[in-house]
Visitor: 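Next up is a structure, given as structure tokens.
Chain letters run A, B, ... following the sequence lines, proteins first and then strands; every chain starts at 1.
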Amino acid sequence: MSDKYDFRAIEEKWQKRWEDQQQFAAIEEAGKKKFYMLEMLPYPSGALHMGHVRNYSLGDSIARFRKLQGYNVLHPIGWDAFGLPAENAAIKNKIAPEEWTLANISQMKAQCIQMGFAYDWNREIASCLPDYYRWNQWFFLKMFEKGLAYKKKGQVNWCNQCQTVLANEQVVNGGCWRDDSPVEVKEFEQWYLRISDYADELLEALDGLEAWPEKVRTMQRNWIGKSIGTRVEFKLEDGTPLEIFTTRVDTIYGATFVVLAPEHELVRSWTDDPEHGPQLAEFAEQVRRVDKIQRTDEAAEKLGVFTGRYAINPYNGERVPVWIANFVLMDYGTGAIMAVPAHDQRDFEFASKYGIPIRQVILPADGTEGDVQDAAFTEYGVLANSGAFSGLGSAEAQAKMTTHAEEQGFGSKSISYRLKDWGISRQRYWGTPIPIIHCPECGSVPVPEADLPVKLPRVEGLSLGGSPLEQVESFVKTTCPGCGGTARRETDTMDTFIDSSWYFYRYADARNEGAPFDGEKIDYWFPVDIYIGGVEHAVMHLIYMRFFTKVMRDLGLVKLDEPVHSLFTQGMVIKDGSKMSKSKGNVVAPDLIVERYGADALRLFIQFCAPPDGELDWIDSGLEGCYRFLNRYWRFVDRYLPLISEHAGTVGDLTDRGRALQRKLHQTIPKVATDIERVHQNTAVAAIMEFLNAAYDYVDKEEQPDPGLLGEVVRSLTLMLYPFCPHVSEEVWERLGNGDSIALARWPEFDVELAREDELEIVVQVNGKVRGRFSAPVGVSREAMEKLALEDEKVQSWIEGKTVRKVIAVPGKLVNIVVSG
RNA sequence: GCGAGAGUGGCGGAAUUGGCAGACGCGCUGGAUUUAGGAUCCAGUACCGCAAGGUGUGGGGGUUCGAGUCCCCCCUCUCGCACCA
């Protein structure tokens, strides 16, 4: 036979058989323990890339492993099929987005099958199909009913490249998450989901997500950005109230000015003012023109203009000037601040620049005087020059001063969040139509549930600019469900993150035509046991999906508070020091690898070559090593198959070498299992390789290898390899004479007794350095160990003529002899 | 700046609880086999040293019989957040 196994024939054979047998179809079975293995669904860009292969190989090895352990496994996949690339491709290549997307899906599905991923294809979903997106619309209507979906005119993030609005979460470093282009601020009327209603719960519940990476939880905490402070109402000289938010009300006696965001509504009414109006208008316009990247750059110079107005500090009645400045943001707090240059670095810089007084009101707690002439003193301390509050500590003062404001009616305790409502309107075509009808009489009227789905019409000749649906007269023109009069449909489509916020629920009941899913099926499969994907969705998808779950719970649809038990974020695949990308020309196409080395070798390598949560540096020669390993495994099986088949039976009396191999086997089985459970596939694979090496060592050195033992070795090895390399494992399993698929077999049992070493090697140290070793039986006493150690010849030469001060013996491990002199 | 994580051979990386540092793989060296190449197999491979031995987990200090692992200080890198009042 050839010294290489025929992976092409084997992989094709088993892929076909798996499909014929519907082997991965999941069926709810009450009473049977379930395992829901979920991976982030891909965008159907046209071809699977190495990042997908890594993500899905990890998920697949877990799914297959759990199946061997007897779990009822749900392992589904689908397509995040709406989105801009399809639409852009359509504009560029004059092909309908639907055709483009569906063609990509079928290509990528074929690639998934080629990789041997064990998906239940009966549950496949594609978010661009009406039987999926109608439920997006349905959820939207439910939220509309509850007041959780609403329309508002406000400032939004506009990506010029994408020609659409973006949610706050989708603005990364001031740029678009998709293409990095700078985001502009525009005024737009659009639809929002009231995620901020859930800010507190989303934050609090993070503590309970113990099986989520700390990193993701921290990112979400930062994103929600809860800060507790005080709202204080200043009054302008004409009596107009001006509310500010501060977390440091204890410093308010040091407020020497007040600053508004240039977008603040009071500013608009002041631009008519003949003296200061022109400068105000010009400055506001200037700030507006600067894109978000520059605006939010901390290094950017703090600029401002005096408004010509004054406000009264309600605590001390002091009259302070009102400014507008670029560093105050309209969308945080009240869009207005009291500025305390002595105790806030930003205010300090601003005051220094414009010659505003700096007044110290907090003294360091250590009793020193402190100095606020060179920089602000921002720590907590003791109040001074603060009226009745002087002498109090900052924390106590905050509480008392807030209470004071409440009693006097000019302020209250207040909590601000960085998290804003989720803007979901998109001015593009390839997405879920928002099921709303605008009627001149009745206003925004929801489409009746019975009329769902509102289907996306086909549009010929898509182009950029404007909302494409607006051009489709037959779509826009409709009648009002309320009054029957002529009305217009909403032409914005939904953010595609809506699609991915609940897709994993749909998997539990993917073909349900009467509801998004049946709650009982959710009860059975949920929560997701492990969710694997990239960390880049930490504050987008992963926060939206949590929000949706809480809304669905409040709608009585599910009983869960959180959808995902354990989250695992896999690392990036890089090559030559940077992320694989077309522009860098360092892309390795999975297809070509599969063609040359087979899917099993690729799956093995991508899981072996780096810890799953770290970066994976692609090295071709590493892959070849894995391919070599599979051939080595194959040759071993090939060589001993006749012997094993001939002597079908139990393990005979073993030689020491045989015992050693058997012991190694029974140590490897639990090692591989716990490694997969911990998502340490790299060390699981290493242990399997190590075991094969031991098996070769045995047959090389043993004159008559025990056929029973070899049988056990090959069977167990094959089962352990199955989660990683299912095709070759199936093939070997069949050759071993098993009629059924290996997937129906059970993870090998291991025997603690057989795994136990009967001789231990004890290391002897002298002053902490290894000087000798001896073997001792299991359970050797401390005293015996010390005695044996001191008797050791090599050790003797090290302690000769010295005084033994102390002997430390660690049972079964080592003896350390401390000497001096 | 703040927060999190990391720093181990030529390389990717191992090392449940403090107890033999470098598993496994790549690469490299030598050998066997082969007409040759490839493939395969065997041996070796942290560093210095002929050896005995010594030195080694970013640097410095500490705790301990014993530290990659724990504590303190510093350096470097990666990621996230970043005018949030």
Visitor: May I ask you to evaluate whether A/K769 reaches the phosphate of B/U55, defined as a side-chain N or O under 4.0 Å from OP1 or OP2?
Guide: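 So the side-chain polar atoms of A/K769 do come within 4.0 Å of the phosphate oxygens OP1 or OP2 of B/U55, strictly under.
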Visitor: Map A/V810 and A/L616 onto RNA chain B by nearest heavy atom, then report which one ends up closer to the 5' terminus.
Guide: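 First, find each residue's nearest nucleotide; the 5'-ward one identifies A/L616.
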Visitor: Can you tell me which nucleotide in B/C83, B/C81, B/G19 comes closest to the side chain of A/I808?
Guide: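 Per side-chain heavy atoms of A/I808, the pick is B/G19.
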Visitor: Can you identify which nucleotide, out of B/A21, B/A15, B/C83, has its nearest atom closest to the A/R678 side chain?
Guide: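 The listed nucleotide nearest to A/R678's side chain is B/A15.
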Visitor: B/A4 phosphate, OP1 or OP2: any side-chain N/O from A/R221 under 4.0 angstrom?
Guide: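 It does not, given that no N or O in the side chain of A/R221 lies less than 4.0 Å from OP1 or OP2 of B/A4.
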Visitor: Can you tell me whether the base of B/G9 sits syn or anti, using the 90° cut around 0 to define syn?
Guide: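 The base of B/G9 is oriented syn (glycosidic angle within 90° of 0).
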Visitor: Closest to the A/K813 side chain: B/G53, B/C41, B/G19?
Guide: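 So the side chain of A/K813 is nearest to B/G19.
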Visitor: Side chain of A/M219 only, please: which of B/U17, B/G80, B/C65 is the nearest?
Guide: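 Among the listed nucleotides, the one closest to the side chain of A/M219 is B/G80.
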Visitor: Does A/F257 have its ring centroid less than 6.0 Å away from the ring centroid of A/F350?
Guide: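 Yes, they do, as the ring centres are separated by less than 6.0 Å.
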Visitor: If I compare all heavy atoms of A/D675 with all of A/A684, which pair ends up nearest, and what's the gap?
Guide: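 Looking at all heavy atoms of both residues, the shortest contact is OD2-N, 3.3 Å.
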Visitor: Rounding to an integer number of Å, can you tell me how far A/I606 CD1 sits from B/G13 P?
Guide: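 In whole Å, B/G13 P lies 14 Å from A/I606 CD1.
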Visitor: Grab the CZ-C1' distance between A/F605 and B/C11 for me, whole Å please.
Guide: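 It is 12 Å, rounded to the nearest whole Å.
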Visitor: Could you give me the stems involving RNA chain B, meaning stretches of three or more consecutive Watson-Crick or G-U wobble pairs whose two defining distances are both below 3.5 Å?
Guide: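 Consecutive-pair runs (3 or more) involving RNA chain B: B:1-7 with B:75-81, B:10-12 with B:24-26, B:27-32 with B:40-45, B:46-48 with B:53-55, B:58-62 with B:70-74.
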Visitor: Are A/Y627 and A/F605 close enough that their ring centers fall under 6.0 Å?
Guide: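 Centroid distance A/Y627-A/F605: not below 6.0 Å, so no.
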Visitor: Look at the side chain of A/R635 and decide which nucleotide, out of B/A15, B/G54, B/U40, has an atom nearest to it.
Guide: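 Shortest atom-to-atom distance from the side chain points to B/U40.
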Visitor: In whole Å, I'd like the distance from the CG atom of A/D250 to the P atom of B/A85.
Guide: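 Result: 13 Å.
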Visitor: Would you mind reading off the distance between A/E677 atom CD and B/U16 atom C1', rounded to a whole angstrom?
Guide: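 In whole Å, B/U16 C1' lies 13 Å from A/E677 CD.
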Visitor: Is A/S227 close enough to B/A85 that one of its side-chain N or O atoms is under 4.0 Å from OP1 or OP2 there?
Guide: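 Yes, such a contact exists.
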Visitor: Round to a whole Å and report the spacing from OH of A/Y417 to P of B/A85.
Guide: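 Taking OH of A/Y417 and P of B/A85, I get 13 Å after rounding.
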Visitor: Establish whether the base of B/C20 is bridged to the side chain of A/R773 by a donor-acceptor pair shorter than 3.5 Å.
Guide: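 Under the 3.5 Å cut-off, the side chain and the base do form a donor-acceptor pair.
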Visitor: Measuring from the side chain of A/K215 (C-beta onward, heavy atoms only), which nucleotide among B/A15, B/C20, B/C79 has the closest atom?
Guide: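 Taking heavy atoms from C-beta onward, the closest nucleotide is B/C79.
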Visitor: In whole angstrom, give the distance that lies between atom CZ of A/R217 and atom P of B/G5.
Guide: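 Whole-Å distance recorded here is 12 Å.
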Visitor: Is any side-chain N or O of A/N816 under 3.5 Å from a base N or O of B/C65, one able to act as donor and the other as acceptor?
Guide: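 When only heavy-atom distances are counted, A/N816 does reach the base of B/C65 through a donor-acceptor pair under 3.5 Å.
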Visitor: May I have the distance from A/D617 (atom CG) to B/U78 (atom P), rounded to whole angstrom?
Guide: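 Rounding to the nearest Å, CG of A/D617 and P of B/U78 are 15 Å apart.
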Visitor: Indicate whether OP1 or OP2 belonging to B/A14 is found under 4.0 Å from a side-chain N or O atom of A/N682.
Guide: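 Result: yes.
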Visitor: Could you run down nucleotides 24-34 of chain B 5' to 3' and tag each one B, S or - for protein heavy-atom contact under 4.0 Å?
Guide: BSSS-------
Visitor: For B/A52 and B/G5, measure between their P atoms and round to the nearest Å.
Guide: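 Roughly 44 Å separates the two P atoms.
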Visitor: With RNA chain B as reference, determine whether A/V172 or A/D675 sits nearer its 5' end, using the nearest nucleotide of each.
Guide: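 This one resolves to A/D675.
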Visitor: Can you tell me how far C1' in B/U64 sits from the matching atom in B/U69, rounded to whole Å?
Guide: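 After rounding to an integer number of Å, I get 13 Å for this pair.
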Visitor: Given B/A85, B/C65, B/C42, identify the nucleotide with an atom nearest to the side chain of A/L329.
Guide: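 In terms of side-chain proximity for A/L329, the closest of B/A85, B/C65, B/C42 is B/A85.
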Visitor: Give the nucleotide from the list B/C81, B/G12, B/C42 with an atom nearest to the side chain of A/D700.
Guide: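 Per side-chain heavy atoms of A/D700, the pick is B/C42.
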Visitor: So, is A/K806 near the phosphate of B/C65, with a side-chain N or O under 4.0 Å from OP1 or OP2?
Guide: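 True: A/K806 side-chain N/O within range (under 4.0 Å) of B/C65 OP1/OP2.
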